[in-house]
Amino acid sequence: MADILERGDIFFLYRPKLDVQTVRRLDDVQRFYMVLKPERKKRFRRIIIGRKRLPDIGKHERTWGFVDRVTQTAEEVEDDFDPQVYETKTRGERVEPPARPVGEGIYVIARHDDHTHLAYALEVPETPGEAQRELNIRKEASLIVTVKNPDVDSPPEAGLARTRKAAYPHRLKSKFGDKRFVDLDPPDFLDYPGTELVLVGASFNPAHELGLKLRARRESERADIFTELKMERDVHPAEPLLTGKWA
């Protein structure tokens, strides 16, 4: 039986590339986000996932990600999901389209044997569609998660610049010692922007692997991304969330 360290609500979103108004495939996606809202904490953590998708579970694939922003209010984390307009010298005005919600559900961070997992269960959409499949968002899954030591250099053109790396308090920094990576224990590592993560596809069945049952909540109890993240329904297309289709 795994030891639960944290639980809460999880949201997935993607943003189309510049000037792309309608996404038809993964190549049209600029960035893929995961937002964690811990239970009984006034906190929102926005995480950018590398490769623009979660790691492939069947291949036990590894994917890099990092904590992009941590706020106490939904409005702060949501502002960056709105459309942005840029003025360039060579191409004039360019538009970064609004982010699209593509999944919401529940998650737990749990210690299992000698590693930590992020396990989630999708509540909306009830049946994953094309968008979820290409982003590797399963109905439920678990990922092994480790945290990179910010004092260890990354390979060329990999990882965050040193000026963007997390600045941890002593109680967290001391956990690294001379290690390159440590487990996501405690989950407080996620409260610091610049935290670099490695996510590894672990299992399609968290209940079997971890001894945890992630139960989907009744509709009246579910967290709604438009309410929790203060997103305007007339700005952020809901079709990927509700139907599983790209938009």
What pair of heavy atoms forms the shortest contact from [X] to [Y], and how long is it?
X: Pro206; Y: Ala119; value: CB-CB, 4.0 Å
X: Met34; Y: Ile10; value: SD-CD1, 3.7 Å
X: Pro97; Y: Arg15; value: O-NH1, 2.5 Å
X: Phe81; Y: Arg46; value: CZ-CD, 3.4 Å
X: Leu122; Y: Pro128; value: CD2-CG, 4.2 Å
X: Glu228; Y: Ala74; value: O-CB, 3.0 Å

Residues pairing under salt bridge (Lys or Arg N to Asp or Glu O under 4.0 Å) where one sits in residues 108-125, two or more places apart or in two chains, turn out to be Arg111-Asp183, Arg111-Asp185, Glu123-Arg217

Are [X] and [Y] close enough that some pair of their side-chain heavy atoms sits under 4.5 Å apart?
X: Val198; Y: Val200; answer: yes
X: Leu172; Y: Pro186; answer: yes
X: Leu118; Y: Tyr107; answer: yes
X: Val35; Y: Ile47; answer: no

Salt bridge or not for [X] and [Y], using N-O below 4.0 Å?
X: Asp68; Y: Arg45; result: no
X: Asp188; Y: Lys41; result: yes
X: Asp151; Y: Lys165; result: no
X: Lys17; Y: Asp28; result: no

Does [X] reach the main-chain N or O of [Y] with its side chain, forming a donor-acceptor pair under 3.5 Å?
X: Arg69; Y: Glu76; result: yes
X: Glu196; Y: Leu160; result: yes
X: His117; Y: Ala202; result: no
X: Arg100; Y: Pro240; result: no

Rounded at 0.5 Å granularity, tell me how far [atom1] in [X] sits from [atom2] in [Y].
X: Glu104; Y: Asp224; atom1: CD; atom2: CG; answer: 5.5 Å
X: Lys148; Y: Trp64; atom1: NZ; atom2: CH2; answer: 9.5 Å
X: Lys173; Y: Lys175; atom1: NZ; atom2: NZ; answer: 15.0 Å
X: Ile109; Y: Leu36; atom1: CD1; atom2: CG; answer: 6.0 Å
X: Gln84; Y: Leu18; atom1: CD; atom2: CG; answer: 10.5 Å
X: Ile144; Y: Ser203; atom1: CD1; atom2: OG; answer: 9.5 Å

Identify every side-chain donor-acceptor pair in residues 52-60 under 3.5 Å, counting partners at least two apart or on other chains, and give the distances.
| unit_1 | atom_1 | unit_2 | atom_2 | d |
| --- | --- | --- | --- | --- |
| Lys52 | NZ | Val29 | O | 2.9 |
| Arg53 | NH1 | Glu61 | OE1 | 2.7 |
| Arg53 | NH1 | Glu61 | OE2 | 3.4 |
| Arg53 | NH2 | Glu61 | OE2 | 3.1 |
| Asp56 | OD1 | Gly58 | N | 2.9 |
| Asp56 | OD1 | Lys59 | N | 3.0 |
| His60 | ND1 | Gly201 | O | 2.9 |

Residues 124-136 vs side chain to side chain donor-acceptor pair (under 3.5 Å), sequence neighbours excluded, gives Glu134-Trp246

Leu13/Ile225 under side chain to side chain contact (heavy atoms under 4.5 Å, CB included): CA gap, chis, key distance, verdict: CA-CA 10 Å; Leu13 307 96; Ile225 192 168; 4.0 Å; yes

Candidate pair Asn149 and Phe181, rule side chain to side chain contact (heavy atoms under 4.5 Å, CB included), full reasoning:
CA-CA 6 Å; Asn149 186 338; Phe181 297 92; over 6 Å; no

Please tell me whether [X] and [Y] have a donor and an acceptor in their side chains that are separated by less than 3.5 angstrom.
X: Ser174; Y: Tyr168; answer: no
X: Asp82; Y: His236; answer: yes
X: Tyr14; Y: Gln30; answer: no

Cluster question for you: counting only ILVMFWY and a side-chain heavy-atom cut-off of under 4.5 Å, with indirect links fine, are [X] and [Y] together?
X: Tyr120; Y: Leu210; result: no
X: Phe12; Y: Ile49; result: yes
X: Phe189; Y: Val145; result: yes
X: Leu5; Y: Leu190; result: yes
X: Leu135; Y: Leu143; result: yes

Tell me every residue that passes side-chain contact (heavy atoms from CB on, under 4.5 Å) with [X], counting only those two or more places apart in sequence or in another chain.
X: Arg31; value: Tyr33, Ile48
X: Arg180; value: Val152
X: Pro193; value: Val70

Item checked: Residues Val77, Leu229; criterion side chain to side chain contact (heavy atoms under 4.5 Å, CB included); working and verdict -> CA-CA 8 Å; Val77 77; Leu229 298 188; 4.3 Å; yes

More than 12 heavy atoms from other groups under 6.0 Å of [atom1] on [X]:
X: Arg40; atom1: CZ; result: no
X: Lys139; atom1: NZ; result: yes
X: Arg24; atom1: CZ; result: no

Steps toward side chain to side chain contact (heavy atoms under 4.5 Å, CB included) verdict (Thr146, Leu184): CA-CA 5 Å; Thr146 57; Leu184 183 55; over 6 Å; no

Problem - Test of ring centre spacing under 6.0 Å for Tyr192 and Phe66 - result: no

